[in-house]
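Pasting in a structure now, in structure tokens, and then I'll have a few things to ask.
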Protein chains: 2
Amino acid sequence: MTDTPGRLLSLLSLLQMPREWPGSELARRLEVSPRTIRRDVDRLRDLGYPVEASRGSIGGYRLVAGAAMPPLLLDDDEAVAIVVGLRTAAGQAVAGIDEASMRALAKLEQVLPSRLRYRVGALGAATTTMPIEGPAVEPEVLSALAAAITNRERARFRYSTHEGAQAARHVEPYRLVTAGRRWYLVAFDLDRDAWRSFRADRITDARGTGARTTPRELPGQHDGDAAAYLQTSMYTSAPTYSADVTVHAPAATVVGRLGDTPQDVVAIDDTSCRVHRHTDTLPWIGSKLVALGCDFEVHGPPEVVEHLRLLIRRLQAGVR
Amino acid sequence: MTDTPGRLLSLLSLLQMPREWPGSELARRLEVSPRTIRRDVDRLRDLGYPVEASRGSIGGYRLVAGAAMPPLLLDDDEAVAIVVGLRTAAGQAVAGIDEASMRALAKLEQVLPSRLRYRVGALGAATTTMPIEGPAVEPEVLSALAAAITNRERARFRYSTHEGAQAARHVEPYRLVTAGRRWYLVAFDLDRDAWRSFRADRITDARGTGARTTPRELPGQHDGDAAAYLQTSMYTSAPTYSADVTVHAPAATVVGRLGDTPQDVVAIDDTSCRVHRHTDTLPWIGSKLVALGCDFEVHGPPEVVEHLRLLIRRLQAGVR
DNA sequence: CGGTATTAGGTCGTAATCTGTCCTATACCG
DNA sequence: CGGTATAGGACAGATTACGACCTAATACCG
């Protein structure tokens, strides 16, 4: 009975036990020569299994981690976090991550203590993911950019504008930022000699160049916080305004419809409230007001009023 | 690249997922012939792994749950999935999950083989999470509802409407659905004697009652898919229309601005295109058209035109 | 009822692989 | 220093894995 793949799986099971196995012992149990055992161990290592060996008189083989790891001691919240994270990642805009995260979840489940395994399994089995359409980030892009960032390497990639045109970019990558289901790269653009943020889903063929970067500081008072920098830089392309609006709807309703950002909504009475949004672009303010679906009065500033008049003209032209 | 043992491990990894795999699909993914897949399945069975198969048109292979598995390694995509999942979970609308997922990520990193540990560490260190404000789901609520679902128990909880009123609910929970960063519970409401979907962030004090549920079938042709049911049920509250619009902007721009859903956008020439959105509610269509930020002409249907006229009146009243 | 898509399994020829038996090098420990 | 362990190269022969092709059995669907 010489079944090579089966023997490898058996070897894996043996090595999983928390003890050391001399090669001769393994050879005896698997009924092959010690030379074959050495080759099998080699193959397991090629497959990525961390088989460690100690030489000398009391030497032997054992599997170190990634396998039999009883002390993966997570508390309940951490277990929930794993399921929540991997489940929502399944609906995420990263290519092929739905399956990958399900496989990862199944594998992680194997190494959890039984109480948590039950909890994780229940939460995973009771949950369905609603897929989200949209441009997808390539996992390789994320990996390559992350490697370049930690290695302090420059990086090159191809970037597509939203019109579809592609161009090569040469940057010093600073941070990846995840915001909702979008991924951004904050980097110093070497060609344009300025800081830029890039949408990761528009990046292809990313790779580190090997050239070391000079550490740079993010502009502005962000204290190195790439998320904060991104937040403001996304609005610097267009001027922002603070809209002041009275809305004829209950405050609670308005908070709900304005989406996920709790704005400064002050109730006036049961049927109306005053909304004060800040740092919004004109189109965004207009879109949100329309989305409210109820009557309102704009108090200012004049630019917002003017923009709404433009919207009126556009709508009138559109329905003619 | 014919690596039989590695392929067997990959096969196990695929089969442990909670779905059925047709042999042809497995053959395609593992890049071998279907005959080889059958032989591999035979070998796994010989080794004691309970691979079950169902014949017929919707047949396939699967691994019965609870089987003792050899230690399976995470591949690169799965490692990326874990970081992506736990990182985005950190910005997620689940209370306290940011810390919990960071702790879980740190602990997972400890037990990964070194190659992946480096990859995961790099991706984790290079990534910043932009926090998302919004109502938060309690992890305990998710755990309790998940437990009730898998145990087929009834559940009671308090539910807040978006006006802020609270009420006790008594349901037979069916599934948790995660859509983007929102969590929903699809359940049969025992008081109202009808199927309902609940936003998990508005649920508090959820607990299973211990009373067994009678298995029910979701209404509609969703074949038990809670996500599909939720998708349609979210729109049944309002009628939907198919807007037909000519937009004076390049097709690529329009696709980008319409958000994440790739719609039926057909380019007319370099500066205009025809958009045909279906199953949208009237407010949604209006909001999207305004958000486009360019000129357009609406061809129909009449209800959409009428709704845009309403928007015009609202805007005119608002800026007066 | 027939059509179709699935699992299941036999056979065969070729190419690739695996294995055992040498051999040497290296590291640890008493 | 000697014993024992891992590590690995070279080689010849036996074995196996693979794909291509075939038939059978089963389940679903119209």
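Below, chains carry the letters A, B, ... as their sequence lines are ordered, and counting in each starts from 1.
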Exercise for the section: Walk me through it: do Leu26(A) and Leu14(A) pass the test side chain to side chain contact (heavy atoms under 4.5 Å, CB included)? Expected result: CA-CA 8 Å; Leu26(A) 293 172; Leu14(A) 287 176; 3.9 Å; yes
Exercise for the section: Measure from the side-chain N and O atoms of Ser13(B) to the backbone N and O of Leu9(B), and report whether any donor-acceptor pair falls under 3.5 Å. Expected result: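 Checked: no pair found.
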Practice task
Would you indicate whether Arg152(A), at its atom CZ, is surrounded by more than 12 heavy atoms from other residues, nucleotides or ligands within a distance under 6.0 Å?
Solution key: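 Counting neighbours around CZ of Arg152(A), 12 or fewer heavy atoms of other residues, nucleotides or ligands fall under 6.0 Å, so no.
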Exercise for the section: Evaluate the side chain to side chain contact (heavy atoms under 4.5 Å, CB included) criterion for residues Leu185(B) and Tyr174(B): first the C-alpha distance (whole Å), next the side-chain angles of each, then the deciding distance (0.1 Å), finally the verdict. Expected result: CA-CA 7 Å; Leu185(B) 168 68; Tyr174(B) 181 74; over 6 Å; no
Practice task
Let me know the distance between CG of Leu11(B) and P of dA17(D), rounded to the nearest Å.
Solution key: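 To the nearest whole Å, that distance equals 15 Å.
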Handout entry: Pairwise side-chain contact, Arg38(A) with Tyr61(A), heavy-atom cut-off 4.5 Å (strictly under)
Key =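 Answer yes - side chains close enough.
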Practice task
Identify whether the distance between the nearest side-chain nitrogen and carboxylate oxygen of Asp40(B) and Arg43(B) falls below 4.0 Å.
Solution key: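 Result for this pair is yes, salt bridge flagged.
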Exercise for the section: Locate the shortest heavy-atom distance separating Val141(A) from Ala200(A); write the atom from each residue and the value. Expected result: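 Heavy-atom minimum between the residues: CG1-O, 4.3 Å.
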Problem - Set of side-chain contact (heavy atoms from CB on, under 4.5 Å) partners for Ser54(B), sequence neighbours left out - result: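 For Ser54(B), the residues satisfying side-chain contact (heavy atoms from CB on, under 4.5 Å) (neighbours in sequence not counted) are Glu20(B), Arg62(B).
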Handout entry: Selection residues 66-79 of chain B - residue pairs positive for side-chain hydrogen bond (donor to acceptor under 3.5 Å, both in side chains), sequence neighbours left out
Key =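 Matches after skipping sequence neighbours: Arg103(A)-Asp75(B), Arg103(A)-Glu78(B), Lys107(A)-Glu78(B), Asp76(B)-Arg115(B), Asp76(B)-Arg119(B).
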Handout entry: Heavy-atom donor-acceptor pair, Arg87(A) side chain to Gly124(A) backbone, under 3.5 Å
Key =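 Pair found, side chain donor or acceptor close to backbone of Gly124(A).
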Fill in the blank from the handout: A correct 5'-to-3' footprint of nucleotides 24-30 of chain D, with B, S and - meaning base, sugar-phosphate only and no protein heavy atom under 4.0 Å, is -BBBB--
Practice task
Without swapping roles, check the side chain of Trp183(A) against the backbone of Leu142(A) for a donor-acceptor pair under 3.5 Å.
Solution key: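 The answer is no, because no donor-acceptor pair under 3.5 Å joins these two groups.
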Handout entry: 5′-ward residue of the pair Glu52(A)/Pro5(A) relative to DNA chain D
Key =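 Result of the comparison: Glu52(A).
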Exercise for the section: Starting from the first five and the last five pairs of the helix from dC1(C)-dG30(D) to dG30(C)-dC1(D), work out the angle between the resulting helix axes, to 10 degrees. Expected result: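 End axes: 60° apart.
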Problem - Of residues 39-46 of chain A, the positions that come close to DNA chain C - non-hydrogen atoms, cut-off under 4.0 Å - result: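 Nucleic-acid contacts, sorted: Arg39(A), Arg43(A).
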Handout entry: 4.5 Å side-chain heavy-atom contact, Leu30(A) and Thr36(A)
Key =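 The answer is no, as the side chains (C-beta and beyond) never meet within the 4.5 Å cut-off.
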Exercise for the section: Specify the residues of residues 18-36 of chain B, ordered by number, for which at least one heavy atom lies under 4.0 angstrom from an atom of DNA chain C. Expected result: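 Result for residues 18-36 of chain B: Trp21(B), Pro22(B), Gly23(B), Arg35(B), sorted by number.
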Exercise for the section: Using a strict 4.0 Å threshold on nitrogen-to-oxygen distance, state whether Arg169(B) and Asp189(B) make a salt bridge. Expected result: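 Salt bridge flag = yes for Asp189(B) with Arg169(B).
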Practice task
May I have the distance from Arg7(B) (atom CZ) to dT16(D) (atom P), rounded to whole angstrom?
Solution key: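 One finds 16 Å between P of dT16(D) and CZ of Arg7(B), rounded.
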Exercise for the section: Measure from the side-chain heavy atoms of Arg38(B) and tell me the nearest of dA17(D), dA7(D), dC22(D). Expected result: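 Closest nucleotide to the Arg38(B) side chain: dC22(D).
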